[in-house]
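In what follows, a single structure is set out as structure tokens and then discussed.
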Amino acid sequence: MDFEPTPYNIPLGFLYWLIVTGFGTIVVLVVTLLALLITRGTKGFGDFLNLLSSAALDIVQISPRRVGAITRLTFLEAIRRRALLVFVVFAILFMFAGWFLSGGTLVPDFQVKLYVSFVLRAIAWLVLPVALLLSCWGIPEDIKQRSLHTVVTKPVRRLEVVLGRMLGFGLINTLVLLVMAVAGYVWLQQQIDEKARPELTCRRPVFGQLTFLDREGKPAATGINVGDIWEYRSYIEGATRARAIWKFAGIDESALNKDGELILENRFSAFRSHKGQMGRSLLYQLVFVNPETGLRVGTQLRQVAEFRGRTDAIPRTLPKAGEAIGGKITEEAGETVDLINDLVSPSGELVVEAVCIDPGQYMGMARPDLFIRTPDGSFLAGYAKSILGLAMMVLLIVFLGVAASTFLKGPVATLLTFCLVLVGMTAREFMMTIVSGRFEGGGPIESVYRIVLHMNPTQELPTGIAFQSMHLMDLAIRQFVWLIFQIIPNFDYFNMAPYLANGFDVSFNASVLPSIAVTLAFFLPCLLLGYFCLRVRELEAK
Amino acid sequence: MSTSGSAAEPVIEIRNLTKVYRDFWGRRKVRAVNSLSLDVKKGEVFGLLGPNGSGKTTTIKMLLGLLFPTEGEISILGRPATDVAKNERIGYLPEESYLYRFLTAEETLDFYGRLFDMPASVRKERTEKLLSLVKITHARKRQLKEYSKGMTRRIGLAQALINDPDLVLLDEPTSGLDPLGNRDMKDLILQLKEQGKTVLMCSHLLADVQDVCDRIAILYGGELKVLGRVDELLKSRDETQILTSKLSDDAINEVRAVLQKHGASLNQIDHPTSNLEDLFLKTVQESVERPGHRVIMDDTTRSRGA
Ligand SMILES: Nc1ncnc2c1ncn2[C@@H]1O[C@H](COP(=O)(O)OP(=O)(O)OP(=O)(O)O)[C@@H](O)[C@H]1O
Ligand SMILES: [Mg+2]
């Protein structure tokens, strides 16, 4: 699995959302005030207050018809200027792509992975330039041609101009995206081999919490490291008391598939200290434990499917078997247990223990390596969610582009927006490392101190008031820089391809919701910035 | 022509208006308008004249809030120039028709109608009326990029009148129009005047200005050089032209002698062309020769200035 599913904290997310929106708005206000003070001297402050009060008035007086007129104009402009030639590029790309992606020889799930991520990536990278160019060139061109002169001498508010442009470009790009999405879907359905079709699905995993028991049966946070320090799995030794224990929550009958089976999917890996038995892989047993009653029921032995993973269907009614001892399972004749009623606690908790059977061999796992696969969602729904994510990305680019184009010329606005997008897609993580203070040598002031004194970053700093206040200042600076970095949107959220390509449903909480939130967070600051710029600048092309 | 008395309320008040264009780095480039003061009163047709680059368009753009004055105050329809609400009652025909070239004539008028928040039925009605007024009904479904210059001008005019404005600002309304269109434009301006609307126009066609304007101002290098009622300005020249039937040389000598007796000299014998063109040319020439000279024959501004 390529990603570590992390639970998403909605209240915390909302708080961040508020911070980002609020901070963005404040930045816009401060920048406007500074610009006014610089250009108009002390009169600038009065101008700023005027601007604020008229902004409030303009917001109240927004007329849907006027905004609609600008939106419609934007739409017609894009269509009549044949900005949509990109479709042709897209079509050609898809026609030829089939040749280069020699998917026929690939194993099914890899073929699906390749094709799905290709389609989603192609759509993203094709709609990106359309969104960038359209939104960054619209207003500058309008100013250059002076057609905006005729518009703003009508009672239309400049706020409405910016809003109408944003909506118009948003609409046209969403349309472009939708057409591409449909084409991409059809292409996928045609190109993917018959045998790989079942892999076009949206698994809905329920992940649990993983803990371990060591070979003596004592609780441990991790298993054994088999020597590869970069390996993120840890291992349990076979035929000992070592266990990997997953605790799932929120389990009830809805987790079962239509045949009444609980599907457990795993990607255990194997590490052998001897050749072992030829002709079969390592054996493992899954043991279900009711965390309330302590009832333990072992299931039959299964072989580890290395590198590919396997799904185990556990019937709802299980023979009341025990754990394997010496590779043999003791069964209490005739007795059965009900998976949901007997093994899931009333609060919906279920514990699954994985045991390695073969002595002297090791079985490796990480948290996402075992999950309950609740009934799959349709691939189409997951695909639609991924497209929704891209739509949010496109909208965000449009907001940023339109805002930038109110004070910059077309090419410069394009460049600026593109840089924001690139940084947001790639370098953001690196920058967040800086601000998170996880760097050796401390924050900016501490680093300067160390540099001046030629002090090794590993050397402990002396303690004292001075150093404490230094740390405090570093913290403040870091927090401030953190805020500044929030101006660079996190484009990770928009990329839902990894979910879909790996056959997973797109998580609403962890991906769809944040992507909508990011875009919305930038809407108000961008709108205000664009509005202020159009208000304080003369509409002459310089 | 019915004249509006000086008691009429000013629709446009300009006080000490100055505009300095600056380049990207904030360095001064051009002083396009230099402490200009004038009033335009309700119901009059006011002509803003001046050679190329004398600051007429700049003044109009400042009136509309497209440019910000470097100094001075503007009140238009009783509001500051940056107030958008004033635009409800204003029609503006830019120097060149800055329209969206990908829209058809119909769509153009509909679009601007929407900006006035007009409901669809009103928009439709106004569009029909204006298309026939400016005589481009036959080309209503064609995109403006296919239009000739005069046709673009006509649709530009239609767009300026979409809201039935009280104040119309026309920047060179007749440029690019054929003689017929020119005639129509003059009629239209007089018609607007009859309806009690105020018109401020710039033009280089002085004969037309003389026909339609009540008052004019002549700018030179951004400064006001002449301001007053057209008829008075043309009357009160410090020269007299005597028009007679053809005179013999002897008769001319006799006339000269008579003039000498009265302390006047005979400067020129010419056909009577005392018209705005003369005034204009003279103003321009004088502005070069005597930079400080001004002819202000405007009671309101004068009394205000005093
Ligand atoms: N955007 C601008 N940037 C810099 N200077 C400008 C700009 N627009 C006009 N000017 C200058 O301002 C002065 C007045 O120009 P303006 O357009 O107002 O003249 P005008 O009276 O309308 O002339 P015309 O009769 O040719 O239309 C000119 O010297 C011109 O070069
Ligand atoms: Mg001009």
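Predicted, not measured: the structure shown is a model, and the values here were computed from it. Residue numbering restarts at 1 for every chain, and letters A, B, ... go by the order of the sequence lines.
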Review point. What's the shortest heavy-atom distance between Val156(A) and Val84(B), and which atoms?
Key: O-CG1, 3.5 Å

Check your understanding: Going by atom types alone, do Thr153(A) and Asn87(B) pair a side-chain donor with an acceptor below 3.5 Å?
Key -> no

Point to revise | From Glu160(A) atom CD to Leu115(B) atom CG, the distance as rounded to the nearest 0.5 Å | key: 8.5 Å

**Study point:** NZ/NE/NH1/NH2 to OD/OE distance under 4.0 Å, Glu107(B) and Arg80(A)
**Key:** yes

Point to revise | Greatest number of heavy atom pairs closer than 4.5 Å to chain A - which of Glu96(B), Met118(B), Gln143(B), Lys86(B) | key: Met118(B)

Check your understanding: Would you say Phe111(B) and Ile70(A) make side-chain contact, with heavy atoms under 4.5 Å?
Key -> yes

Point to revise | Part of Pro119(B) lying under 4.5 Å from any heavy atom of chain A | key: both

Exercise for review: Go through the steps to decide whether Phe102(B) and Leu76(A) satisfy the test side-chain contact (heavy atoms from CB on, under 4.5 Å), and finish with yes or no.
Suggested key: CA-CA 8 Å; Phe102(B) 53 88; Leu76(A) 281 177; 4.2 Å; yes

**Study point:** Pairs of heavy atoms under 4.5 Å with chain A: top-ranked of Leu67(B), Leu169(B), Asp110(B), Leu64(B)
**Key:** Leu67(B)

Practice item. Could you tell me the separation between the CD1 atom of Ile143(A) and the OH atom of Tyr98(B), rounded to the nearest 0.5 Å? Key: 13.5 Å

Exercise for review: Pick one of side chain, backbone, both or neither for Asn50(A), based on which atoms fall under 4.5 Å of a heavy atom in chain B.
Suggested key: neither

Point to revise | Arg66(A) side chain reached by Asp117(B) side chain, heavy atoms, under 4.5 Å | key: yes

Exercise for review: Would you mind telling me which of Leu148(A), Val536(A), Asp58(A) has the largest number of heavy-atom pairs within less than 4.5 Å of chain B?
Suggested key: Val536(A)

Practice item. Using a 4.5 Å cut-off on heavy atoms from C-beta on, say whether the side chain of Pro155(A) contacts that of Glu88(B). Key: yes

Practice item. Let me see the working for Thr150(A) and Gln159(B) under side-chain contact (heavy atoms from CB on, under 4.5 Å), right down to the final yes or no. Key: CA-CA 9 Å; Thr150(A) 321; Gln159(B) 141 314 107; 3.4 Å; yes

Review point. Out of curiosity, Leu103(B) CG to Ser147(A) OG, how far, rounded to the nearest 0.5 Å?
Key: 9.5 Å

Review point. Is the side chain of Glu538(A) donor-acceptor paired with the backbone N or O of Leu66(B) at a distance under 3.5 Å, no angle test?
Key: no

Point to revise | N-O pairing of Glu77(A) and Arg101(B) below 4.0 Å | key: no

Practice item. Might you confirm whether atom CZ of Phe75(A) has over 12 heavy atoms from other residues, nucleotides or ligands at distances under 6.0 Å? Key: yes

Check your understanding: When heavy-atom pairs shorter than 4.5 Å are enumerated against chain B, which of Arg72(A), Gln61(A), Arg158(A), Arg535(A) gives the highest number?
Key -> Arg72(A)

Revision key, fill the gap. Bottom line for Val67(A): the part with an atom under 4.5 Å from chain B's heavy atoms is neither

Review point. If we only count heavy atoms from C-beta on, is the Lys154(A) to Tyr112(B) side-chain gap below 4.5 Å?
Key: yes

Point to revise | Neighbour count >12 (heavy atoms, 6.0 Å) for atom CD, Glu73(B) | key: no

Study note, to complete from the structure: Okay, Leu93(B) and chain A: the region with an atom under 4.5 Å from a heavy atom over there is neither

